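Report on one structure; see the data block that follows.
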Amino acid sequence: MSAPGPLDDLHHLLQETLPEARLLASALPGLPELQLWLLDPANLQRAFSSEETRRLLEEPPYWGFCWGSGLALARWILDHPQEVRGKRVLDFGAGSGIVALACSAAGAKQSIACDLDQPARLASGLNAELNGQHVELAADYFAVTGELDLILAADVLYDRDNHGFLDLFLDRADQVLVADSRVRNLQHPGYQRIGTLSGQTWPDLGEPVDFRRVALYRSTP
């Protein structure tokens with residue numbers, strides 16, 4: 001019997017929240033170039049016990065989903081590889097690592113998936129391996145040293161505490177891209193809206209159609 005590997009470790013972490021849940025290597029809608037280890041949709045098509053609901057609220061396995069804004073931003077990057085080619089980039093709040101993976105696939109010189117949560121970093125590493133890409137993993141944004149050409153952030157503005165990073169990003173990188181499905185009228189002098197993208201969370205959570213419209217912001221010169 002082979003020794004447990006990173007995927008076994010990630011399953012163990014997932015099953016601490018949802019005992020019967022599994023991850024599947026999943027194709028992504030509108031993004032055929034990449035796959036991710038995501039929650040098996042069969043795990044979501046049942047009623048959760050009160051204890052499971054409590055654990056989901058306390059420790060949601062968000063890294064087991066590809067969120068709509070990340071999917072949309074990854075698609076945009078692959079359609080505009082010149083935005084990242086040859087650059088050192090950082091995906092802030094990486095989750096599954098989909099944006100960092102897209103940057104790597106598009107020719108970034110170095111792509112860093114940064115997330116405080118250890119399971120998210122483990123998922124990002126496994127997803128990079130699944131796609132034959134290389135991403136660096138970082139636990140602490142403030143511990144990443146050296147120059148950054150581009151910082152990317154998808155679906156992080158739902159948490160008001162993260163809005164303070166918008167200014168920090170401007171001080172740290174030459175360019176910043178922010179994608180968000182819930183904040184579509186960002187009022188910040190350092191950012192301008194440059195478009196509206198389409199993206200849905202996968203596995204499908206049945207979110208309102210409005211959440212499939214993703215605002216894309218770029219830092220102003």
Side-chain angles (χ1 to χ4, degrees), residues 18 21 23-46 48 53 56-57 60-81 83-84 89 91-106 113 115 117 120 123-124 127 130-131 150-163 165-166 169 175-188 191-219:
L18 292 174
L23 298 167
L24 293 177
S26 305
L28 302 170
L31 196 67
E33 296 92 337
L34 298 172
Q35 297 183 70
L36 295 177
W37 288 105
L38 300 178
L39 272 166
D40 183 345
N43 303 140
L44 307 175
Q45 297 170 356
R46 62 178 180 84
F48 296 120
T53 300
L56 280 169
L57 292 173
Y62 64 91
W63 40 267
F65 293 87
C66 184
W67 298 95
S69 296
L71 184 69
L73 184 53
R75 177 71 272 162
W76 188 87
I77 290 164
L78 292 179
D79 290 340
H80 302 82
E83 296 283 345
V84 302
V89 307
D91 175 14
F92 176 84
S96 67
I98 185 62
V99 173
L101 280 171
C103 290
S104 178
D115 203 296
D117 290 341
S124 291
N127 288 329
L130 179 64
N131 289 278
L150 174 65
I151 294 175
L152 309 103
D155 265 336
V156 300
L157 298 181
Y158 71 92
D159 186 344
R160 291 293 305 180
D161 290 343
N162 285 337
H163 284 226
F165 280 96
L166 293 171
F169 293 160
Q175 294 183 61
V176 184
L177 288 170
V178 177
D180 207 281
S181 62
R182 288 164 174 78
V183 180
R184 289 191 290 271
N185 189 28
L186 179 65
Q187 299 296 310
H188 192 292
Y191 295 83
Q192 61 183 2
R193 183 169 169 168
I194 62 171
T196 301
L197 312 177
S198 296
Q200 70 177 102
T201 296
W202 201 254
D204 189 357
L205 289 174
E207 292 175 311
V209 173
D210 201 38
F211 284 161
R212 297 189 182 191
R213 293 170 48 243
V214 178
L216 179 62
Y217 304 95
R218 187 196 294 273
S219 55

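All values derive from a computational prediction rather than experimental measurement. All residue numbers refer to positions in the sequence shown, counting from 1.
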> Using a distance-only test with no angle check, is there a side-chain donor-acceptor pair under 3.5 angstrom linking Tyr62 and Asp115?
Replying inline: yes

> Could you state the interatomic distance from OH (Tyr217) to CZ (Arg184), rounded to the nearest 0.5 Å?
Replying inline: 8.5 Å

>> Whether the side chain of Tyr191 engages the backbone of Leu166 through a donor-acceptor N/O pair (distance < 3.5 Å, no angle test) should be reported.
In response: yes

> Considering all heavy atoms of both residues, which atom of Pro61 and which atom of Leu39 are nearest to each other, and what is their separation?
Replying inline: CG-CD1, 4.4 Å

> To the nearest 0.5 Å, how far apart are CZ in Arg213 and CZ in Arg182?
Replying inline: 13.0 Å

> Between atom CD1 of Ile151 and atom CZ of Phe165, what is the distance when rounded to the nearest 0.5 Å?
Replying inline: 10.0 Å

> Quick one: which of Leu38, Leu24, Asn43, Asp40 gives a side chain to side chain contact (heavy atoms under 4.5 Å, CB included) with Pro203?
Replying inline: Leu38

>> Which heavy atom of Asn131 sits nearest to which heavy atom of Glu33, and what is that distance?
In response: OD1-O, 4.1 Å

>> Could you check whether any side-chain N or O of Asp180 sits under 3.5 Å from a backbone N or O of Val183, counting only pairs where one atom can act as donor and the other as acceptor?
In response: yes

> Is there a side-chain contact between Ile98 and Asn127 (heavy atoms, below 4.5 Å)?
Replying inline: no

>> Let's go through Gln175 and Glu83 carefully: what are the C-alpha distance in whole Å and the side-chain angles of both, what is the deciding distance for side-chain contact (heavy atoms from CB on, under 4.5 Å) to 0.1 Å, and is it a yes or a no?
In response: CA-CA 10 Å; Gln175 294 183 61; Glu83 296 283 345; 4.0 Å; yes

>> side-chain contact (heavy atoms from CB on, under 4.5 Å) for Ser181 and Val214? Distances and angles first, verdict last.
In response: CA-CA 4 Å; Ser181 62; Val214 178; 4.0 Å; yes

>> Donor-acceptor check, side chain of Asp155 to backbone of Ala179, threshold 3.5 angstrom: yes or no?
In response: no

>> Please give me the minimum heavy-atom distance between Leu73 and Ala153, naming the atom from each residue.
In response: CD2-O, 4.4 Å

> From Leu34 CG over to Leu28 CG, what is the distance, rounded to the nearest 0.5 angstrom?
Replying inline: 7.0 Å

> Any idea which heavy atoms bring Ser124 and Ala94 closest together, and the distance?
Replying inline: OG-CB, 4.3 Å

> For the residue pair Leu36 and Cys66, what are the closest heavy atoms and their distance?
Replying inline: CD1-CB, 3.7 Å

>> Can you classify the ring geometry of Phe65 versus Trp67 as parallel (below 30°), tilted (30 to 60°) or perpendicular (above 60°)?
In response: tilted

> Arg193 side chain to Leu186 main-chain N or O, any donor-acceptor pair under 3.5 Å?
Replying inline: no

> With respect to Val84, which candidate in Ile77, Leu177, Val99 satisfies the side chain to side chain contact (heavy atoms under 4.5 Å, CB included) definition?
Replying inline: Ile77

> Would you call the rings of Phe169 and Phe92 parallel, tilted or perpendicular, where under 30° means parallel and over 60° means perpendicular?
Replying inline: perpendicular

>> Arg212: which residues meet the salt bridge (charged side-chain N to carboxylate O under 4.0 Å, His left out) condition with it, sequence neighbours left out?
In response: Asp204

>> Apply side-chain contact (heavy atoms from CB on, under 4.5 Å) to residues Leu23 and Trp63 and explain how you reach the verdict.
In response: CA-CA 11 Å; Leu23 298 167; Trp63 40 267; 4.2 Å; yes

>> To the nearest 0.5 Å, what is the distance between OG1 on Thr201 and CG on Leu71?
In response: 8.5 Å

> Which atom names give the shortest non-hydrogen contact between Cys103 and Val89, and what distance separates them?
Replying inline: CB-CG2, 3.8 Å

